[in-house]
Every structure is written in C-alpha cells, then in structure tokens.
Amino acid sequence: MLRTNTCGELREKDAGKEVTLCGWVSTVRNLGALVFIDLRDKYGITQLNVDPKIYALTNVRSEYCISAKGKVVLRSEPNKDLPTGKIEIAVTEINVFSKSETTPFELTDDTNASEDTRLLYRYLDLRRPIMQKYMKIRSDLNFYTREYMNQHGFQEIDTPTLIKSTPEGARDYLVPSRIYPGEFYALPQSPQLYKQLLMVSGADRYFQLAHCYRDEDQRADRQPEFMQIDCEMSFIDREDVLNVIEGLLKYLFKKIDNVDLPDFYRMDYSVAIDSYGCDKPDMRFEMLLNNVTDIMSKSGFKAYEGKVVKALVVPNYADKVSRKNMDLDNLTAKKFKVFGVSHVKMENGVLTGSVVKNFSADSQEKLIKKLNLKNNDLVILCGDASFSNCSYALGALRSEYGHKLGLDKKNVYKPLFLINWPLFEKEADGHYESLSNPFTRPIDEDLPLLDTDPTKVRSTSYDTILNGVELSSGALRIHDSEVQKKVFEILGLSADDINSRFGFLVKALKFGVPPEGGFGIGIERLAMELAGTDNVRDVVAFPKNLKAYEPMSDCPSFVPTADTDILGIKVVKEDTSEKK
RNA sequence: GGAUCUAUAGUGUAGCGGUUUAUCACGUCUCCCUGUCACGGAGAAGACCGAGGGUUCGAAUCCCUCUAGAUCCGCCA
C-alpha cells in the first residue's frame, strides 16, 4: 500500500505515529514561515503542517494528487469542526503523484456551479464530499437490500438486458442485431415478464437489483436508465407482499439514516384522489380537499352551475395572498385544464373576495360552516366538469401551499400504500386500457364486474408512497387463464396481438401458475429520499441530462457508416457533430 | 408535442436605453506574513455580455429568430 492511513481516521490517540497519507490537495494556506495543507480523500480531511522548505520543493496547488509522510502531532489550536481536528501531520516528505490544472469550478459542497458544468467534469464534481456521501448511500442501499432479501429467503437471479421488444407501455431503447441484420433487441423497461416466468419455474422468492431503461422524456426525478429493487413471490396474498416492502424499507431507513419509519398506512385510491387530489399523497400535512359541489353548484354563481366544485382551505393565509399569487395559482390549475379557480378570504367573520358577491347569502353561510372557516383563512375554490381534473388541480395547489407554509418537513416520514386502483381506464374513444399491465390481477370480489362494468373493477396493484414520492409499485398477477382471457378481451387484444407481443409468456401461463405478486422499488427515488435531495442526478454517478444526453462523454453520438451497414441499418440523419 | 424560466471573466452574480475603459465575490497569478483552518495584507491578469437579425443617433439593456440548459404538462403499461 502507498498509504498507511486514510485522511478521515487519525485521532488524538494516534499522536506520535509515523504515517503516510494519500489524497488530493483541498486548500493550501501559506503563512510564510508555515504552510498548512488540507489533504482530502473520500474518508475525510487531514491537515498537513509543512515546513516552507519542503513546500518549496514541490509547490503543490489545489487538486494535486499527492502523498505526505510525517508524524501525527497534536495541534496547538484544534479545529472542533473537523473529526480529525485535534491532530495534524508534521510532514517530512511530500510526493506529487500528479499535478492538476485549475479546476473549472470550486470543489466545495456549496458550489454554485451550474449542473451543466458539473456534469461536463463529473469526475471532479464527484470529489466533493457531499457527492461522496450520495455515492455511499447508493452502495449501502444495494448492500442492505441484498442482506435483507437474503435473510428473508429471497434468491437473487439476473434476467437478461437484451430482450424482445414489446410494443406495450413506454418506448423501448433498441439494440440492433449484427447476426440478424435489421432486427433489434430491446433493453428491458423492467424485468416484469421474466420474473413472472421465474414464478412459473418455481423460483418462489426472487429479487434482483435490476437495470431498467425507458425512452421517454425526462424529469428532475426520472432518468432514461435507472435501477429497481425488483421482487416477485409465489403463494402469497397482497398483505404478504406489502409486509416485505414495509419490512425492507424500514430496515433500509434504519440502517442508512437511522430513521424509524412509522407503520405504513393503507389508503384507498379513491380517497387519495378525493381528499389529496393526487395519486401520491403527501401525508405530512392535512389541508384535505373538500367537496362543496352541493353548496356551490346552486350558489347562484353561474360559472359553478352544474360543475364539480371543490375547496382547499389554507389556514391563516388570507393576509399573505397577493394578486400575483392568485395568477400563479391559475397557471397551476391551467396545467390540469381547469380554469374556474377563485380565491375567497375569511375576514372579520364574513367571506370577502371579488367573486363572493355572486354567492347567495345562504351558500356563503353553508360554506363557512362546512369548511369550519376561521378568520384569515384563505379558501381556494375550483370548479370543473371533470371530478378528476378538479381534484388534480386543487391537489397541485395543496402541495404548493403546503410547501409555502413549510409543512413538508424533511425529517418527517409518512409512508403509505395506495391500494384498490381501478384495473382499467376508459379512453376518450371508448376503448379500455390497463392502468398497470394486462397481467394485473383484479380483486376477487370484483370479478363479476368484468362482464358488467369493467371501469368499476379494482385491481390488486399497490403503490408505495413516501412524503408525496412514489417509491414503488407492484401487483398480484393473474394465475387463472379464464380471467386472463377475459381481461385480454376487454382490452381488445386479438389472439394475434397477444401472440406477437407476449406469446411466450401466455404459453408459459398454461403450465401451472402459482398465485404470485411482487414489486419494483425505484432505487434512485429511494436514494433521493435517504439523501434528502430532490434531483435524481445527485444520486447517479454519471447521469444523463433532461435530453438524455451525457455531456462529459458526448453521448449519444454518430458512428461510422461501416458500423451501421453491418447491422443492416441506413442512417438518414447526417452527422453534424463537428459543431460540438 | 406544449408552457414557464435562465444565458454577462474559470465559477457565481450586479447592471435592465447614454455619467460603464461592464459591478462585486470566489478562484487564478506575483509579493509579504510563524498557528491558519472561508487565514490575513498588497498588487495583477482575466468578459467583446449564448448566436444571428432588427429598432435607435446610441443596445449587455427593447423586439424577433435560433441555440443550450433547467422546471413542469403530455408521456412514463
């Protein structure tokens, strides 16, 4: 080893030891007759005390990669902010492994360099202690997941990442085949079909830290490639699966953040939409939506006549709301195609606001009573023909005001399972679509509804939500071929469709399928929660930007035509990459 | 596919029609300094204000187009 110790471990008790440390120069403080160097590695920072004569021999600068030999000595003036702050190294020899150019940004935790620049020099960005911490969380997450799953009888099995493209769901990333020119593999969106096949194979309890790929537009919490804690188990009911998710997440939060998660709440999908206006409710604060249709639709206000009207009460906020606020709220609602937003204030026992004059005295009284309004409460009313649009618009405002009021506290955790989702969604043109996938098992007692009213059928699927973030989703799968047939019919899938898309799975389902179900937990989302960041890119070592582009390596890129010719592919778009 | 915001030295910012040879901080370079730890002190270099076009006597500043990034909606079975 080139070093005897890391930069994070030496303490008072080590005084007198001869050590050699390796790392990067964080800062140089040259006091003339005395030079201090902060040496940094991934474990911490140790101060080097360097004689100016020794310093002059090497003249090290920021981010040089060096080793320093010397004796551990107690500092005359300790630094209580540093774990190694009571000691320093009296350096006798410095060896420069390699010099460094001036870095394009300062490698501090509170850097304000744009993310663009940081991604271009990601290897430097990752030197920042906070990024090292994020990477550690990812590593711990993998380690403790494997530990927990193995302890609970799950077996880790890798499924392929070059698979058949199934034109269902998200857009696939395609990989051309050389041996079959013109044909393509797809990268998996999830190991979904394979894990069901594993259950048919008798694997019983499977898990995997799976790489998944989806070619869809990105978001702050969404990358084109991501990882999932993927799990499937046989001979179980819904509660069995939920208990595994709950147990695993409690274990991970305890081990990594030393947080004791409370027991997971079970919430009905319909309750989430009605009271939270959202399919991933943040239960850290109340401010539930109220349905005031019965009062407002006949209040005399024409805009709300015959509409669904819901109300959000923002307590003690009336004096803080401004014209600009209201305009922003309208903008938020517009995203959900909702325009009938109005703001009403409770002042001195009466309702005020420009729309109030349109409400009958009776309806005003009823509203105050139903919403239990107190002085200085702000009421946001939202009316729309669509119950769900109205709920979603107000749900978005609930989140915004909750945030403004500081109710979304970082150190509070409110996990829940969202259950009893509808199995199907009826599209505008009248045809049915699966809300999850065509293999999702309906709730047994709703089976008769498959023949009468498919939209009323509830599914066994479940989402795990933590503080408004969807951490995982899963479901039980259909194991009865008659039910499966019926679901395919409702979805309007012909025998040919089924055969070409997932014929191999349907075939396997004829050979004895156990009752089974499972889940996939988004590892990056979970890491974000554990790390307390709201940007996925923070917890991914080399992430893509919003356009699925990776600036550091300039990826994706054009390839020589010889390489595409052999694949039987003709590239139409010209290579214009010299501009970069 | 759509909406919003952003673009000024290496980094982050100020300036938002003319006293600007563009502000400040950090960083960089030189010199001084024996206990710093966001070291301190003195000095220096470094930007044609994202690109193109227009309005104007005059544009970093106003308008248009484009480019790049960020955030959201659609999308993500």
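Here the structure is a predicted model, which is why all the values come from computation and not from measurement. Below, chain A is the first sequence line, B the second, and so on; all start at residue 1.
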- Message: In whole Å, measure the gap between the P atoms of B:A9 and B:A22 for me.
- Response: 14 Å

- Quick check: does any side chain N or O of A:T84 sit under 3.5 Å from a backbone N or O of A:I45, one acting as donor and the other as acceptor? yes

- Task: Using a cut-off of strictly less than 4.0 Å, decide whether A:R29 has a side-chain nitrogen or oxygen near OP1 or OP2 of B:C39.
- Result: yes

- Message: So if I define the base as every atom that isn't primed, P, OP1 or OP2, how would nucleotides 70-76 of chain B read as a B/S/- string at a heavy-atom cutoff under 4.0 Å?
- Response: SBSBBBB

- Message: Heavy atoms only, 4.0 Å cut-off, all strands: where does A:S114 land among base, sugar-phosphate and nothing?
- Response: sugar-phosphate

- Task: Would you kindly check whether a donor in the side chain of A:R75 faces an acceptor in the base of B:U36, or vice versa, at under 3.5 angstrom?
- Result: yes

- Message: One thing to verify: whether A:E63 and A:R40 come together as a salt bridge, which I'm taking to mean a side-chain N less than 4.0 angstrom from a carboxylate O.
- Response: yes

- Task: Would you mind classifying the nucleic acid contact of A:S76 as base, sugar-phosphate or nothing, using non-hydrogen atoms under 4.0 angstrom?
- Result: base

- For A:F504, is the NZ or CZ atom of A:K507 found under 6.0 angstrom from the centre of its six-membered ring and inside 45 degrees of the ring axis? no

- Task: Quickly work out the A:I45 CD1 to B:A38 P distance and round it to whole Å.
- Result: 10 Å

- Establish, yes or no, whether a centroid distance under 6.0 Å links the rings of A:F502 and A:F439. yes

- In whole angstroms, how far is the P atom of B:A68 from the OH atom of A:Y549? 10 Å

- Round to the nearest Å and state the distance from A:D554 atom CG to B:A68 atom P. 13 Å

- Message: Base, sugar-phosphate or nothing for A:N79? Non-hydrogen atoms, less than 4.0 Å.
- Response: base

- With a non-hydrogen cut-off below 4.0 angstrom, is A:P78 in contact with a base, only sugar-phosphate, or nothing? base

- Task: State, yes or no, whether a side-chain contact exists between A:R61 and A:V25 at a heavy-atom distance under 4.5 Å.
- Result: no

- Using a strict cut-off of less than 4.0 Å between a Lys/Arg side-chain nitrogen and an Asp/Glu carboxylate oxygen, indicate whether A:E470 and A:K280 qualify as a salt bridge. no

- Task: Please answer whether the main-chain N or O of A:D408 pairs with a side-chain N or O of A:R284 as donor and acceptor at a distance below 3.5 Å.
- Result: yes

- Task: In whole angstrom, give the distance that lies between atom CG of A:N112 and atom P of B:G10.
- Result: 16 Å

- Task: Assess whether one donor atom and one acceptor atom, taken from the side chain of A:E77 and the base of B:U36, lie less than 3.5 Å apart.
- Result: no

- Item | Pairing of A:R11 and A:D14 as salt bridge, 4.0 angstrom limit | no

- Per-nucleotide protein contact string for nucleotides 27-34 of chain B, where B marks a base within reach and S marks sugar-phosphate only (heavy atoms under 4.0 Å, - for neither): SSSS--BB

- Message: I'd like to know whether A:R219 forms a salt bridge (charged side-chain N to carboxylate O under 4.0 Å, His left out) with A:D221, so could you lay out the CA-CA distance, the side-chain angles of the two residues, the decisive distance to 0.1 Å, and finally the verdict.
- Response: CA-CA 5 Å; A:R219 288 289 189 283; A:D221 61 353; over 6 Å; no

- Message: Regarding A:Q223, tell me which of base, sugar-phosphate or nothing describes its non-hydrogen contacts under 4.0 Å with the strands shown.
- Response: nothing

- For the pair made of CG in A:D125 and P in B:U11, what is the distance, rounded to whole Å? 14 Å

- Hey, is A:F36 stacking on B:U36? Ring centres under 5.5 Å, planes under 30°. yes

- Could you check which nucleotide pairs with B:G35 in any of the strands shown, counting Watson-Crick or G-U wobble with both distances under 3.5 Å? none

- Query: Counting only Watson-Crick or G-U wobble pairs whose two distances fall under 3.5 Å, which nucleotide matches B:U65?
  - Reply: B:A51

- Query: Checking all strands, does A:L82 fall into the base, sugar-phosphate, or nothing category for heavy-atom contacts under 4.0 angstrom?
  - Reply: nothing

- For A:F417, enumerate each residue passing the ring-ring contact (aromatic ring centres under 6.0 Å, His included) test, keeping only those at least two apart in sequence or located in another chain. A:F264

